[in-house]
Each structure stands twice: as C-alpha cells, then as structure tokens.
K.L.:
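So that we are looking at the same thing, I have put the structure below in structure tokens.
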2 protein chains.
Amino acid sequence: MDYTGMQSESKSNEPNTLVDKIEADLLDYFNTHRLKAGDAIPKEVELATQLGVSRTVIREAMLRLRTRGLIESKKKRGTIITYPDPLALLEKSMYPGILNDETLRDIFELRMVLEIGMGDLLFERITQADIDELYAIVADEPINTQEMVFDADQEVRFHGKLYDITGNETLRRFQRMLLPIFKYVHESGLLKKPIQHKKFVSHRGLVDVLQHGNPETFRNAMRNHFENHFQRLF
Amino acid sequence: MDYTGMQSESKSNEPNTLVDKIEADLLDYFNTHRLKAGDAIPKEVELATQLGVSRTVIREAMLRLRTRGLIESKKKRGTIITYPDPLALLEKSMYPGILNDETLRDIFELRMVLEIGMGDLLFERITQADIDELYAIVADEPINTQEMVFDADQEVRFHGKLYDITGNETLRRFQRMLLPIFKYVHESGLLKKPIQHKKFVSHRGLVDVLQHGNPETFRNAMRNHFENHFQRLF
DNA sequence: AAAATTATTATGTTATACTTAATAATCAAA
DNA sequence: TTTGATTATTAAGTATAACATAATAATTTT
C-alpha cells in the first residue's frame with residue numbers, strides 16, 4: 001500500500017499552504033505505520049501536538065481525506081482508515097452545467113467507445129433471461145428503422161441494461177454517473193449537425209445480434225447504431 | 001446549471017451534521033443566484049452571519065467544495081466558482097493498494113473495453129506521423145510473435161500513444177490515472193491463470209492494421225491482442 | 001507618470017472553550 | 001449473576017476571537 005506520490009490540493013506540486021503539507025504528512029504517517037482499512041488513527045489533538053500544528057489545520061487536512069473517502073470519523077470512536085470509493089467522489093462532481101464543452105464532448109465520445117468495446121464482456125456473461133428482458137424493453141419500439149425516434153426513457157433502460165449485463169460494477173456505476181451528462185449533451189446545442197435520417201441499427205437490431213451474433217458482429221452493429229452521433233460529433 | 005440533487009458527505013441522504021447542511025445551502029445559494037464559473041461568492045464572514053453559523057462551519061463546508069474542485073480561494077481576492085475537474089479528484093484516490101480485488105478486476109476489464117472500442121476515434125484522427133512514431137516504439141519488439149514478452153515500459157509507451165491519438169483528453173487522463181492500477185494488477189496475483197503462449201497480435205501487428213486496415217479490423221486485432229488477458233480473467 | 005511605500009482586505013492559522021452523540025463505567029433492580 | 005437504567009467520559013463537532021500572511025489598492029515619493 002503506497003499513499004505517496006499524491007499531489008497537493010493546488011495544481012503545482014509544491015505544497016503552498018500548511019494544510020497541503022499536513023495532508024501529505026498524514027498520508028505519510030499512514031504509510032510508515034502500515035495502516036490499512038479499519039485501522040484507527042490518532043485523535044485530532046494528539047496529531048496536532050505530534051505534528052506541531054493547530055487542531056484546525058489537522059481538521060482541515062483530515063476533512064480533505066474524508067471528502068475523498070480515505071478516512072471516516074465518528075464521535076467518540078475517533079477516525080479510521082477506509083476503503084475509498086473513487087467513483088462516489090466523481091459522481092458528486094458531475095454537474096454537467098459547469099463542465100466545459102470540450103469535456104462534455106470527450107465524455108460523450110467515451111460513452112461510445114465503452115459501448116462499442118463491451119461486446120466481449122456481453123457475450124461472455126449474457127443469459128437468455130437478459131435477452132428476453134431486452135426484447136421486452138424494445139417491444140414498443142416502432143418497426144420502421146428508418147425513423148430516428150429518440151425516447152430518452154427507453155434509451156436509458158436499454159443501454160443501462162447492457163451495462164448491467166457486463167457484470168462489471170465499475171462500468172455500471174460509471175454509466176449511472178454519466179447519464180445526466182448524456183442527457184445534458186442531447187438537450188444542449190452541442191451536437192451541432194442535424195440528425196441524418198439514414199439507415200441505422202435499432203435497439204431491436206442490437207438485441208437480435210446479441211441473440212444470434214458474436215462479439216465482432218455486435219461491435220459493428222453498435223458502431224452503426226451510434227452512426228448518427230458520430231456524424232454529429234466529427 | 002443545477003447543483004441540487006447531490007448527496008451529503010455521509011452515506012445516508014439526511015444531513016447529519018451542520019456542515020452537511022451548510023454545504024447543501026451553499027450549493028443552493030450558487031443555484032438561486034445563477035452563479036457560473038468565474039463568479040465570486042461572498043466572503044467567509046459574510047456567509048457566516050448570513051447563514052447564521054460560525055466561520056468554522058463555513059470554512060469546512062467550503063473546504064469540501066474546494067476539495068471537489070467546485071470553488072477556488074485566494075487571499076484577498078476571495079473565493080470564486082470554478083470549472084470542476086472531476087478526473088483530478090479521481091486521480092488522487094486511485095491508490096491500487098487500498099482498492100479491493102473486485103474493483104481492480106473491473107478496472108482491468110474497463111481498460112480492455114476502452115482500447116477495443118477506440119478504433120473509430122483512432123482512424124478518424126490518426127496521421128502518418130503518428131503511425132511512424134508507433135513503428136519507432138515497436139522497433140525493438142522481437143519478431144517472434146509466438147513469444148509473449150512483457151516489456152512494461154514499451155507497453156506503456158505503445159498503449160499510451162494510442163490514447164494520445166484519440167485526441168480525447170478525458171480518455172487520455174483516464175489512462176494515465178489507471179496506469180498504476182494496471183501495473184499493480186500485473187504484479188499482484190490477481191491474474192490467476194498462467195500466460196497462454198498462443199498466437200496473438202503483436203504491437204507491430206496493431207500498427208500494421210492502423211496503417212492498412214479500418215476500425216473494424218482494428219477492433220478485432222485489439223481484441224486478439226488482449227486474448228491472453230481475457231483468458232486469464234474469465 | 002512611474003516607482004516605491006504603506007494601508008487594507010480576505011483567507012490562512014492559532015488558541016480556547018463549549019456542545020453533542022456515542023461509548024464505557026457504574027449502580028440498582030430482578 | 002445477569003439485566004437494565006443512569007451517569008461519566010471521550011473525541012469529534014461547533015463557536016469566538018485574535019493574529020499572520022499575501023495580494024491588492026491607495027498613497028506618497030522620485
């Protein structure tokens with residue numbers, strides 16, 4: 001376990017403020033004392049005297065670690081090391097409105113990369129029950145594949161189910177976290193070019209591929225499914 | 001821009017502590033005052049009196065927001081709203097040693113999904129100069145593709161260059177952030193099954209595909225390139 | 001008008017005291 | 001002796017007040 005090599009709060013690596021330094025010192029302390037999840041750390045006053053700094057600074061430094069999910073504090077019990085949940089943090093910062101356009105576009109691309117690339121995971125783990133469920137979700141989808149209908153609700157249910165099937169919890173949470181961003185990108189004017197009403201693989205088509213195809217055919221189908229989005233991004 | 005709907009520090013949604021409440025109040029304040037990146041927020045003492053709470057609480061609440069990159073403080077200038085950088089946070093929490101095995105495995109899968117799925121981005125943006133550079137990187141790779149040599153350094157250079165080519169900064173940073181984790185997974189005993197010395201697409205083979213192939217052939221080649229890892233994970 | 005000096009300001013830091021919720025210790029009842 | 005209620009203790013949470021520091025603005029000097 002290596003807590004070192006972390007950056008300070010400020011962009012530059014030099015610890016500008018005292019809290020920066022103490023924060024690093026604390027991580028250092030965890031390291032040298034070989035502390036792992038569940039272990040308790042000294043109480044605030046002790047750390048304050050031990051590191052020769054006020055309790056306020058200790059608290060502020062510890063608050064940062066707590067915000068990042070590295071420690072947890074309870075009254076009387078003191079503070080303990082915890083398994084951090086990196087994605088939980090990310091979720092809290094994902095306010096689409098305050099991300100700049102470039103980042104939004106990047107994330108939208110990221111989604112497409114993920115869903116095209118997840119073919120192997122899907123075929124490795126999908127069950128007939130999953131396929132049936134997918135068919136149920138797309139049941140109300142219009143047959144006419146020429147028409148680009150965008151039902152946000154079904155969109156979420158369908159693609160969400162795909163993430164579920166991968167059995168990869170990290171991937172799943174990633175998707176849940178990115179959902180509001182996709183929604184935002186669709187609603188904002190970021191996707192400049194108009195929708196091209198050309199032939200594309202429908203949700204139903206994707207399920208058919210999952211039923212009868214293989215990872216390779218799925219990747220191509222998903223690529224085609226996203227054709228419209230690609231055209232509008234590039 | 002909607003800052004609401006966020007969770008408090010504690011797992012449960014109810015604000016247990018005063019700081020939790022004030023943190024929410026602050027985000028609420030940003031919302032109702034339609035504050036966007038660059039805008040200044042009232043100084044600490046003002047907020048303290050205005051929200052009827054001590055400056056300590058204000059500072060702790062603001063520190064949380066600052067840790068998440070939502071605000072930035074400078075002496076004399078006060079505090080301003082900023083464009084948060086979600087990934088910066090994530091980077092700080094990515095200590096492989098304190099992530100549990102399941103998460104590590106998930107992330108390793110995630111990498112494969114990303115690199116298989118990035119074919120379209122690559123072909124959309126790759127230049128001849130990029131291809132030349134890739135050929136230079138793999139120049140010292142042994143011709144014998146039967147042999148699974150694992151040069152960690154070259155591995156990083158080669159795959160890192162691929163991420164660069166996508167031109168997707170978010171993706172790129174994602175990779176840099178995940179690097180130590182891949183390294184850790186390789187070194188730990190997580191990849192149980194032994195390496196299968198079967199035929200696989202080499203780095204050089206991938207460059208050839210980038211030179212003469214298309215997104216589809218690239219995805220298949222990359223899938224094959226990862227064959228060993230897949231076999232060891234499933 | 002430009003440069004050097006001083007004053008001001010808002011965050012950063014310290015110190016101290018008080019509040020609160022969770023745990024431990026104590027004691028009374030069965 | 002065990003059980004249950006009561007009290008004490010502890011460590012984090014909160015509140016004030018004061019000082020330090022660096023960045024800016026205002027002033028003076030050249």
Side-chain angles (χ1 to χ4, degrees), chain A residues 7-26 29-30 33 35 37-82, chain B residues 7-26 29-30 33 35 37-82:
Chain A
Q7 286 101 327
S8 71
E9 183 92 342
S10 52
K11 310 289 179 199
S12 52
N13 255 4
E14 325 93 53
N16 287 332
T17 153
L18 228 190
V19 178
D20 283 330
K21 186 190 175 314
I22 295 299
E23 181 187 3
D25 285 355
L26 283 178
Y29 179 93
F30 301 167
H33 287 70
L35 298 184
D39 293 346
I41 67 178
K43 40 197 173 190
E44 297 176 349
V45 276
E46 281 182 19
L47 284 172
T49 56
Q50 195 168 325
L51 296 178
V53 82
S54 82
R55 190 183 154 212
T56 307
V57 171
I58 295 289
R59 276 187 66 80
E60 296 216 352
M62 281 177 55
L63 179 53
R64 285 192 193 164
L65 303 185
R66 196 164 36 209
T67 301
R68 284 195 247 143
L70 286 169
I71 60 176
E72 239 172 51
S73 303
K74 277 190 179 144
K75 291 193 181 185
K76 168 75 181 186
R77 275 183 80 155
T79 303
I80 59 169
I81 310 266
T82 54
Chain B
Q7 286 101 326
S8 70
E9 183 93 342
S10 53
K11 310 290 178 201
S12 51
N13 255 4
E14 326 93 51
N16 288 332
T17 151
L18 227 189
V19 178
D20 283 329
K21 186 190 174 315
I22 296 299
E23 181 188 4
D25 285 355
L26 284 177
Y29 179 93
F30 300 167
H33 287 69
L35 297 184
D39 293 346
I41 67 179
K43 40 197 174 191
E44 297 176 351
V45 276
E46 281 182 18
L47 284 172
T49 56
Q50 195 168 325
L51 296 178
V53 81
S54 82
R55 191 181 155 213
T56 309
V57 171
I58 295 289
R59 276 188 67 79
E60 293 218 353
M62 281 177 56
L63 180 53
R64 285 193 193 166
L65 303 184
R66 197 164 36 210
T67 302
R68 283 195 248 145
L70 286 169
I71 60 176
E72 237 171 52
S73 302
K74 276 191 180 143
K75 292 194 181 184
K76 167 75 180 184
R77 275 182 80 154
T79 303
I80 59 169
I81 310 267
T82 54

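Residue numbers start from 1 in every chain, and the chains themselves are labelled A, B, ... in the order their sequence lines are given, proteins ahead of strands.
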K.L.:
Tell me, which of residues 38-45 of chain A have any heavy atom that sits under 4.0 Å from an atom in DNA chain D?
P.N.:
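Nucleic-acid contacts, sorted: A:K43, A:E44.
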
K.L.:
For a side-chain contact (heavy atoms from CB on, under 4.5 Å) check, start with the C-alpha distance between A:I71 and A:F30, then their side-chain angles and the critical distance, and finish with the verdict.
P.N.:
CA-CA 11 Å; A:I71 60 176; A:F30 301 167; 4.1 Å; yes

K.L.:
Take atom CD of B:E60 and atom P of D:dT16, then tell me their distance rounded to the nearest Å.
P.N.:
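Checked: the CD to P distance equals 15 Å.
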
K.L.:
Judged by each residue's nearest nucleotide on DNA chain C, which is more toward the 5′ side, A:R77 or B:K76?
P.N.:
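Mapping each residue to its closest nucleotide by heavy atoms, the 5'-most match is B:K76.
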
K.L.:
If the condition is side chain to side chain contact (heavy atoms under 4.5 Å, CB included), which residues does B:S54 pass it with, not counting sequence neighbours?
P.N.:
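Partners of B:S54 by the side chain to side chain contact (heavy atoms under 4.5 Å, CB included) criterion, ordered by chain and then number, come out as B:T56, B:V57.
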
K.L.:
In whole angstrom, give the distance that lies between atom CZ of A:R66 and atom C1' of D:dA11.
P.N.:
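Roughly 12 Å, once rounded to whole Å.
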
K.L.:
Would you please name every residue forming a salt bridge (charged side-chain N to carboxylate O under 4.0 Å, His left out) with A:R55, sequence neighbours left out?
P.N.:
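Partners of A:R55 under the salt bridge (charged side-chain N to carboxylate O under 4.0 Å, His left out) test: A:E44.
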
K.L.:
Please table the atom pairs, donor to acceptor, closer than 3.5 Å between any side-chain atom in residues 73-80 of chain A and protein atoms at least two apart or in another chain.
P.N.:
residue, atom, partner, partner atom, Å
A:S73, OG, A:R66, NH1, 2.7
A:S73, OG, A:T79, OG1, 3.0

K.L.:
Is the distance from OP1 or OP2 of D:dA12 to the nearest side-chain N or O of B:T17 less than 4.0 Å?
P.N.:
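So the side chain of B:T17 is outside the cut-off, no N or O lying under 4.0 Å from OP1 or OP2 of D:dA12.
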
K.L.:
Just do the side-chain contact (heavy atoms from CB on, under 4.5 Å) check on A:L26 and A:L51 with the steps written out, would you?
P.N.:
CA-CA 9 Å; A:L26 283 178; A:L51 296 178; 4.2 Å; yes

K.L.:
Any residue in residues 47-58 of chain B with a heavy atom nearer than 4.0 angstrom to DNA chain C? Just list them by number, or reply none.
P.N.:
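Going residue by residue through residues 47-58 of chain B, the ones with a heavy atom under 4.0 Å of DNA chain C turn out to be B:R55.
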
K.L.:
Begin with the C-alpha distance, continue with both residues' side-chain angles, and end with the deciding distance and a verdict on side-chain contact (heavy atoms from CB on, under 4.5 Å) for B:L47 and B:M62.
P.N.:
CA-CA 11 Å; B:L47 284 172; B:M62 281 177 56; 4.1 Å; yes

K.L.:
Compare the minimum distances between each of D:dA12, D:dT14, D:dA22 and the side chain of B:V19, then state the nucleotide with the smallest one.
P.N.:
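The answer is D:dT14.
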
K.L.:
Can you tell me how far C1' of D:dG13 sits from CE of A:M62, to the nearest Å?
P.N.:
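After rounding, the reported distance stands at 12 Å.
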
K.L.:
Of all the heavy-atom pairs spanning A:A61 and A:I22, show the shortest one and how long it is.
P.N.:
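Heavy atoms only, the tightest pair is CB-CG2, 3.9 Å.
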
K.L.:
Applying side-chain contact (heavy atoms from CB on, under 4.5 Å), run through A:E60 and B:T67 and close with a yes or a no.
P.N.:
CA-CA 10 Å; A:E60 296 216 352; B:T67 302; over 6 Å; no

K.L.:
My understanding is that only residues two or more places apart in sequence, or in another chain, count here; which of them pass salt bridge (charged side-chain N to carboxylate O under 4.0 Å, His left out) with A:K43?
P.N.:
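In terms of salt bridge (charged side-chain N to carboxylate O under 4.0 Å, His left out), with neighbours along the sequence ignored, A:K43 is linked to A:E46.
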
K.L.:
For DNA chain C, which nucleotides open and close the run of contacts to chain B, 5' to 3', at under 4.0 angstrom from a non-hydrogen atom?
P.N.:
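The protein-touched segment is C:dT8 to C:dT13.
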
K.L.:
Hey, what do you get for CG (B:L63) to CZ (B:R68), rounding to the nearest 0.5 Å?
P.N.:
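It is 10.5 Å, given to the nearest 0.5 Å.
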
K.L.:
Measure across B:L35 and B:A40 and return the closest heavy-atom pair with its distance rounded to 0.1 Å.
P.N.:
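Reported closest heavy-atom pair: CD1-O, 4.3 Å.
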
